Amino acid sequence: MSKGFPLILGAGPIPELAMRHACEAIAESCGCGLLSYACGESPHNVLASTKSTRDLVRLCGDAARFHRDGGSWLEAIADWRQPVLLLVPGDADGGIPGVGPAYAALCRELKVPLVGLAQLHGAWDRTERRKDGLPWRGWIPAAEHHDHNDAVETFSVWLRRSLLSPVATGATSDQA
């Protein structure tokens, strides 16, 4: 998989348009391309074919869903030691659905190198994000939100800096 960026997954099924727009904004801000793969594709074939890419890579669909080839994408990602960033849908009131913490726990259980979570849309409540103990890395508001450009740039700066860390390069098994 990518030698630089972590694989971007949705925590559960996220609407395709929201996920695509967020990943396109991140890729543009980071100055790289964007590769997208469907969760219906063979995890091991995709992970092998994208091993040396310098582009941002995202998975479309539910990575925890059982795959017809056996196992799930998350299990394959753990086997390949591919670092992951989870996009978690946010609620209008600043809350986060249980799917975010559940996916983070599943990543820990499977030993997927989780570099962090980013909130997708909804209201950003930094205080609440700090309380839940998850490795939040930022917020990607909807494109029409007045903070969209600043939030994407702030997130992209973190992402580019994280490329230098051992977890982002897959060099360690510790969780972020």
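All of these numbers come straight from a predicted model, not from anything done at the bench.
- Residues Pro89 and Ala11 share a closest heavy-atom pair of CD-O, 4.1 Å.
- Glu16 places a side-chain heavy atom less than 4.5 Å from the side chain of Cys60.
- Here the shortest heavy-atom pairing between Val152 and Ile140 reads CG2-CG2, 4.1 Å.
- For the pair Trp80 and His44, the minimum side-chain heavy-atom distance is below 4.5 Å.
- The heavy-atom pair separating Asp69 from Pro43 by the smallest distance is OD2-CD, 4.4 Å.
- Across Leu106, Leu85, Leu134, Leu86, a single residue satisfies side chain to side chain contact (heavy atoms under 4.5 Å, CB included) together with Leu114, and that is Leu86.
- Side-chain atoms of Arg137 come within 3.5 Å of backbone N or O of Val115 as a donor-acceptor pair.
- Between the CZ atom in Phe5 and the CZ atom in Arg54 there is a gap of 10.0 Å [rounded to 0.5 Å].
- For the atom pair CG (Leu87) and CD1 (Ile26), the distance works out to 5.5 Å, reported to the nearest 0.5 Å.
- Residues Cys30 and Leu159 form a side-chain contact, since some pair of their non-hydrogen atoms from C-beta on lies under 4.5 Å apart.
- Of all heavy-atom pairs spanning Gly90 and Ile96, the tightest one is CA-CD1, 4.0 Å.
- Rounding to the nearest 0.5 Å places CD of Glu24 at 7.5 Å from CZ of Arg58.
- Side chain of Glu75 to backbone of Ser72: a donor-acceptor contact under 3.5 angstrom is found.
- The minimum heavy-atom distance between Gln82 and Leu7, with the atom names listed, is NE2-N, 3.4 Å.
- The minimum heavy-atom distance linking Cys23 with Leu56 is given by the pair O-CD2, 3.7 Å.
- Contact of the Arg160 side chain with the Ser29 side chain is registered, since non-hydrogen atoms from C-beta on lie closer than 4.5 Å.
- Considering only heavy atoms from C-beta on, Arg161 comes within 4.5 Å of Val157 through its side chain.
- Judged purely by atom type and a 3.5 angstrom limit, Thr154 uses its side chain to pair as donor or acceptor with the backbone of Asp150.
- With His121 contributing its side chain and Asp91 its backbone, the two residues share no donor-acceptor pair below 3.5 Å.
- Partners of Phe155 under the ring-ring contact (aromatic ring centres under 6.0 Å, His included) rule, at least two apart in sequence or in another chain, are Trp158.
- The distance from atom CG of Asn149 to atom CD of Glu153, rounded to the nearest 0.5 Å, is 9.0 Å.
- Taking 4.5 Å as the limit, some side-chain heavy atom of Met19 sits within range of a side-chain heavy atom of Ile8.
- Although no hydrogens or angles enter the test, the distance criterion places a donor-acceptor pair under 3.5 Å between the side chain of Trp139 and the main chain of Gly122.
- By the salt bridge (charged side-chain N to carboxylate O under 4.0 Å, His left out) test, Glu128 pairs with Lys131, sequence neighbours left out.
- Atom CG in Leu9 sits 9.0 Å away from atom CH2 in Trp73 (nearest 0.5 Å).
- Rounding to the nearest 0.5 Å gives a distance of 10.5 Å between CZ of Arg130 and CG of Asp125.
- Judged by distance alone, the side chain of Arg81 and the main-chain N or O of Lys111 form a donor-acceptor pair under 3.5 Å.
- Side-chain contact between Trp136 and Val88: present, with at least one pair of heavy atoms (C-beta onward) separated by less than 4.5 Å.
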